[in-house]
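Note sheet for the following structure.
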Amino acid sequence: MQRAEEIKAAIEAAVPGAGVTVVPNPSPSAQHALRLEPAHAVAVATFLRDAPGLAFDYLSNVTGVDWLDKEIAEKVKVTRQVTKTVDGPDGAKVDQIVDETAEETRKRVEPGYLETVYHLYSVALHHGPLVLRMRTVNRTDQIQLPSFTPVWRGAEFQEREVFDLYGIVFTGHPDLRRILMWDEFKDHPMRKDYVEPDDYEYEPTAHDAVLKRAQEHSAAAEGNRE
Amino acid sequence: MSVVETKAERAAGWNRPPAVEPEGEGELLEVAMGPHHPSTHGVFRMDVALDGERVVRLKPVFGYLHRNHEKIAEGASYLASMPYTDRLDYFCSLTNNWAYALAVEKLAGQEVPERAEYIRVILAELTRIQNHASTIGFLLQEMGASGTPLMYAFREREKILDLFESLTGSRMMCNYMRFGGCRVDLSAAWLEATKKVVAGLPAFVDEFEALLTGNEILMARCQGVGVLKPDLAVNASISGPMLRASGVNYDIRKVDHYGIYDRFRFRVPLGDHGDVYDRYMVRVLEMRESIGILNQALQEIPAGPIMDAKAKLRGFRPKPGEAYGRIEAPKGELGFYLISDGSPNPYRYRVRPPSLINLTVLEDMCLGHNVADVVLIFGSVDIVLGEVDR
Amino acid sequence: MLGEGIIKGMLETAKNFAGSFVSEDRLTTVEYPEQRIPTAENARVFPFLVYDGSDWEAGMRCVACQICEKECPPKCIYIEKSKDKKPDFAGKMQIYPTRFDIDISVCMSCQICVEVCPFEAIKMDTQFELATDDRFGGLLLDRRELSKSNEYYHSIHPTEAAEVDARLAEEKRAAEAKAKAAAVAAAQKAAADAAAKAAAPKIETPAPKPPDAGGQ
Amino acid sequence: MASTSAVTGADQIFILLRDWLVHLLPSALRPAASVVLGAIAIVAVFPGLFALTTVFERKGLGRMQNRLGPNRVGPYGFFQPIADGIKALTKEDVVPFRADAMVHFLAPLVLLVTVFMGFAVLPVGRNMQLVDMDSGLLFFFAMGAATELSVFMAGWSSRNKYSMLGAMRAVAQMISYEVALLLSSVTVVMIAGSLSLTEIVDAQNQYTGIFPHWYIFTPWGLASFLMFSIAATAETNRSPFDLPEGESEIVAGYHTEYSGFKFAIFFVAEYLAMFALSGMGATLFLGGWSAPLKFLGFIPSWIWFFLKVMCAIFIFIWMRGTLPRLRQDQLMNFAWKFALPFTLLNLLVTALWRFMGAGWLRWVVCAAILAGAYVFMGRMGMHRKHIGPRSYRYAE
């Protein structure tokens with residue numbers, strides 16, 4: 001966390017209004033991340049690469065993560081003002097406004113987003129990793145993020161892969177095409193809500209999900225035949 | 001040496017491959033090299049535009065072997081992904097195991113017993129030797145040496161695979177390492193057999209070098225071909241022997257101090273030209289260093305447990321969080337990035353494949369060279385399609 | 001001088017050519033159907049089910065817990081549980097699989113099922129010559145085809161099988177001791193309940209068949 | 001010469017057989033029949049030798065690679081070529097869609113015919129020569145040059161990019177190396193004073209003590225022989241000059257689109273060209289059918305010829321087992337910048353040899369010039385391309 005905070009301070013000194021936040025990582029690995037604002041991301045990345053004390057010249061890993069819309073049920077302590085009738089000092093009933101605290105379960109939907117994660121190392125100074133993250137606004141239409149390929153060439157294929165599998169559109173990428181799936185493919189298979197197409201092949205031990213698919217497939221095939 | 005770009009290069013934006021203009025008039029010959037081509041190491045395609053035999057454009061096309069390993073892993077438990085990692089780079093299943101185990105150990109905060117660390121080092125270095133030997137064999141195969149170096153490499157590789165089989169049960173799909181240790185302990189007999197094999201390896205490397213290193217045809221074919229400049233190599237995230245052949249001193253065994261590599265004395269060979277010959281020689285020299293590591297590890301291996309006492313085989317659920325673990329695999333930096341949401345399956349499982357990322361600069365290296373050089377440069381990158389396409 | 005390295009290389013191949021007539025190291029070919037390398041003890045190919053005794057159905061160790069089915073990475077195991085129960089090696093009544101299929105065309109020989117099995121019921125075979133011309137039926141092994149005796153297990157993985165037997169014997173002893181203790185406790189309770197009787201009757205537990213009753 | 005007459009029977013057995021057969025016919029037909037019989041012998045013997053060579057090649061290559069090679073068909077695998085032949089015959093003959101079917105069909109035939117023609121002038125034994133031409137050498141090389149046509153026909157008609165690339169490579173390479181091939185043979189003509197192969201062999205079939213007067217045992221002859229061997233390797237598209245069919249680069253070169261028996265014909269023709277050039281090399285530099293030592297003269301001459309050819313074939317196989325392939329431009333550089341100047345120099349040296357008169361001086365002078373030139377040009381070539389051994393640094 002310490003290191004991430006330091007780097008955050010350095011970035012904010014160099015790129016005004018960068019809007020970097022530290023994303024803590026609770027696991028024992030303690031690889032804390034810096035979340036960048038897409039608007040300043042390329043400037044921050046260039047700074048990280050070129051700053052003498054940081055020199056994160058090696059972009060090791062680029063990947064995407066899909067976070068679905070989350071329904072969060074949380075218990076909230078809610079304080080309300082309620083009118084209560086209490087015994088007044090003179091014995092008379094008096095209406096009084098008091099604060100009452102009650103626990104309530106609230107449900108809220110946290111909108112999902114797509115996230116890119118970058119792992120940076122420094123070849124010159126032999127340190128790292130520095131984890132950078134960026135989030136899209138939502139999972140449907142505002143899925144643009146700036147590309148880091150102009151800063152680190154190593155992002156070229158990996159960003160293409162993230163584009164292919166998650167559908168994040170990298171603005172500024174020189175050659176944003178599908179890389180693993182074929183060009184005519186429509187969906188983005190790594191998304192959590194991706195539905196596999198009905199392309200079942202015979203498997204003698206079909207069970208669970210495969211069996212379900214097999215049945216659906218044969219039903220569909222029956223339907224087609226009729 | 002400086003690995004940072006000069007100002008002028010930086011001003012020019014990013015390192016795009018320089019455009020090569022065709023010399024003569026007339027149409028370019030567009031050749032799809034692959035997916036059915038003898039030297040694309042499986043199913044890989046290069047869309048090449050040729051001016052005569054000179055390459056003016058080259059676009060790699062991937063995905064013929066894509067099976068969405070990452071998606072499969074998200075639907076399987078942590079343990080169930082271990083055998084799948086064998087199938088990424090099927091030449092080096094043990095280092096794949098190690099990288100994955102390392103990432104999970106980082107995620108779950110597990111400790112690895114000393115003996116298990118030694119076993120891992122021994123197996124990883126054996127893997128490295130057999131991978132480098134076969135890579136050179138394949139490289140020479142692509143150079144047209146009718147398989148002789150490849151057969152010599154496979155002769156030694158067989159001995160190493162026999163060791164793998166007698167320890168892990170399988171020659172290539174070892175599935176040996178576990179989170180917090182290793183699956184089965186090695187016996188004294190295995191250790192003896194390994195010592196015997198390792199004792200024979202220097203003679204093999206000598207034979208290899210006598211056959212190849214001084215060969216004028218090999219030198220003529222390899223030297224000055226497919227040059228990769230160090231600053232581009234770093235900028236394009238090249239890793240492994242390819243990066244070091246360009247003269248960048250970056251060996252994750254030395255940098256990350258993972259495992260117990262700090263205990264061994266070994267050096268990192270570096271090339272000065274970054275061409276195919278340097279990539280070949282760096283691999284040869286790395287084999288020699290690996291033999292040194294093996295000799296030390298086989299001498300020093302202590303007795304003790306091979307699994308973390310706290311490690312659980314069934315019902316393994318790491319706490320929410322994420323971790324990126326990487327090792328110096330024979331092909332380069334192999335990393336695993338895992339996000340846990342506390343369930344038995346990883347929420348996100350990502351492989352950082354060195355084979356794919358090392359191909360980023362394929363076009364840069366090939367432009368202006370011949371078709372014959374393309375297969376050579378491609379072979380010197382050392383890829384396995386199982387890992388490229390995943 | 002030009003050609004020096006070429007001549008050096010040619011001498012190396014000549015050495016191997018000549019060596020192939022005299023040295024084992026330089027002629028590594030094994031002519032497979034006639035010659036065979038002994039399989040390594042740890043070698044693994046496809047899983048099989050271990051049974052004790054001579055009757056594969058009665059002696060089957062599998063209790064259809066379905067852990068392997070869940071853990072199997074390529075999901076090649078299919079198990080159906082029985083409605084009734086049969087005694088296991090320690091004499092405890094257990095469910096057994098009425099159907100246990102492994103599709104070895106899908107199986108990737110990873111050994112995860114062996115590792116996760118708490119009952120030592122599934123082990124790895126070393127038999128690899130399983131080629132068949134029936135793509136589906138021939139590669140789908142049912143529980144009859146999968147069942148191999150414990151002696152067979154001993155013959156292919158002697159060290160591992162001995163460890164397993166020791167472990168099972170230990171478990172069985174513990175189970176018996178527990179049963180004995182329970183019986184003794186029950187007897188004592190009965191004795192206490194009866195109160196009148198001076199001595200509790202000694203109850204003998206029936207000795208179930210030992211797991212490795214192979215010698216018979 | 002007392003013992004020779006006893007051996008002549010074995011030595012001339014084929015000639016005697018032919019004459020006996022021919023005398024059964026009316027005299028008007030005899031000259032034609034004699035030629036036909038000779039042609040039949042060539043067409044029977046060399047493809048048979050080809051079959052044998054494929055087995056030897058695969059087994060030898062296998063031994064170099066620590067394996068056995070084919071050993072399943074027949075005793076020690078020697079019936080493998082029969083199995084291969086049956087396989088080639090029964091395979092489907094695929095002609096690519098939109099290929100020029102006629103040319104595609106003709107190419108292997110033209111190749112086979114031109115290759116066979118070369119054997120007509122080759123003296124395979126004492127008096128064993130189909131046609132004894134005065135300009136046999138010229139005829140041989142003319143026929144060799146005609147193979148380029150068929151290779152280009154094959155590459156062009158296939159309508160395949162790899163075939164095209166292979167054909168271009170093949171033609172460029174063959175034409176370039178033909179120069180070196182011819183110029184290195186010219187030295188022999190200069191010394192022997194004849195283009196007739198019979199006379200060239202006769203000139204070498206002499207002995208000083210027990211040692212023969214083969215041209216390879218002279219400085220210029222050795223140099224010529226080296227250049228001839230290199231050029232012959234390139235002419236026959238054998239490793240390390242097998243670029244036209246470099247399987248790792250352009251799949252199979254000009255015969256990518258050939259299958260079945262047409263492919264087999266290409267294969268046969270490649271080996272026949274190898275025999276022809278080996279035979280020519282033996283004739284020019286190794287004394288043809290003459291015995292290597294005088295007292296070995298009792299062994300029939302044709303045995304010596306075929307032994308010499310097989311030795312050359314073994315070296316072909318040996319090189320194939322060891323050497324990686326050159327690149328196109330390096331191949332051309334080698335042809336024009338090394339082989340050509342060197343053979344030209346060798347011509348001068350041969351002239352020097354011719355006019356210096358016998359004595360040790362011409363040996364020293366010629367050998368010194370050639371060795372010096374070889375070392376110097378080799379160094380220059382490597383140096384200019386910055387090719388050489390390297391040293392490596394280590395980081396701790």
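Below, read A as the first sequence line, B as the second, and so on, with proteins coming before strands; counting in each chain starts at 1.
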Given a strict heavy-atom distance threshold of 4.5 Å, which part of [X] is in contact with chain A: side chain, backbone, both, or neither?
X: B/D389; result: both
X: B/V61; result: neither
X: B/I339; result: side chain
X: B/E105; result: neither

Side chain to side chain donor-acceptor pair (under 3.5 Å) between B/R348 and A/T63, worked out: CA-CA 10 Å; B/R348 177 76 178 102; A/T63 188; 2.6 Å; yes
Flag side-chain contact, heavy atom, 4.5 Å: [X] against [Y]:
X: A/V65; Y: B/R350; value: no
X: A/E161; Y: B/F62; value: no
X: A/H119; Y: B/R352; value: no
X: B/T360; Y: A/Q158; value: no

Do side-chain atoms of [X] reach the backbone of [Y] as a donor and acceptor pair under 3.5 angstrom?
X: B/K71; Y: A/R191; result: yes
X: B/N235; Y: A/V151; result: yes
X: A/N25; Y: B/E322; result: yes
X: B/S237; Y: A/Y58; result: no
X: A/Q31; Y: B/Y324; result: yes

Tell me every residue that passes side chain to side chain contact (heavy atoms under 4.5 Å, CB included) with B/K331, counting only those two or more places apart in sequence or in another chain.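 Partners of B/K331 by the side chain to side chain contact (heavy atoms under 4.5 Å, CB included) criterion, ordered by chain and then number, come out as B/D89, B/F91, B/C92, B/N131, B/P354, B/S355, B/D382, B/V384, B/E387.
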Taking only residues two or more places apart in sequence or in another chain, which ones pass side chain to side chain contact (heavy atoms under 4.5 Å, CB included) with A/V20?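 Expected list: A/K8, A/I11, A/E12, A/A18, A/L34, A/L36.
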When only pairs under 4.5 Å are counted, which of [options] shares the most heavy-atom pairs with chain B?
options: A/R178, A/R133, A/R177; result: A/R133
options: A/S29, A/A33, A/S60, A/P189; result: A/S60
options: A/V62, A/D164, A/L165; result: A/V62

Pick one of side chain, backbone, both or neither for A/V131, based on which atoms fall under 4.5 Å of a heavy atom in chain B.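 Just the side chain, heavy atoms under 4.5 Å.
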Examine whether an atom of A/H126 lies under 4.5 Å from a heavy atom of chain B, and if so say whether it belongs to the side chain, the backbone or both; otherwise answer neither.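 Answer is both: backbone and side chain atoms of A/H126 are under 4.5 Å from chain B.
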Rounded distance [0.5 Å steps], [atom1] in [X] versus [atom2] in [Y]:
X: B/I357; Y: A/F157; atom1: CD1; atom2: CZ; result: 10.0 Å
X: B/L356; Y: A/R160; atom1: CG; atom2: CZ; result: 9.5 Å
X: B/I238; Y: A/R153; atom1: CD1; atom2: CZ; result: 8.5 Å

Can you confirm whether more than 12 heavy atoms, excluding those of A/Q144, are under 6.0 Å from its CD atom?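 Enclosed: over 12 neighbouring heavy atoms sit under 6.0 Å from CD of A/Q144.
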Taking all non-hydrogen atoms of both residues into account, name the closest pair between A/K192 and B/Y347 and its distance.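 Heavy atoms only, the tightest pair is NZ-O, 2.7 Å.
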Most contacts with chain A, counted as non-hydrogen pairs under 4.5 angstrom, among [options]:
options: B/P320, B/P318, B/S340; value: B/P320
options: B/R390, B/K319, B/Q110; value: B/R390
options: B/P60, B/G325, B/A103, B/A236; value: B/A236

Between A/W182 and B/Y64, is the ring centroid distance below 6.0 Å?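 Between B/Y64 and A/W182, which both carry aromatic rings, the centre distance is not below 6.0 Å.
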Tell me whether B/R326 forms a cation-pi arrangement with A/Y121, defined as NZ or CZ under 6.0 Å from the six-membered ring centre and within 45 degrees of its axis.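 Output yes; distance and angle both within limits.
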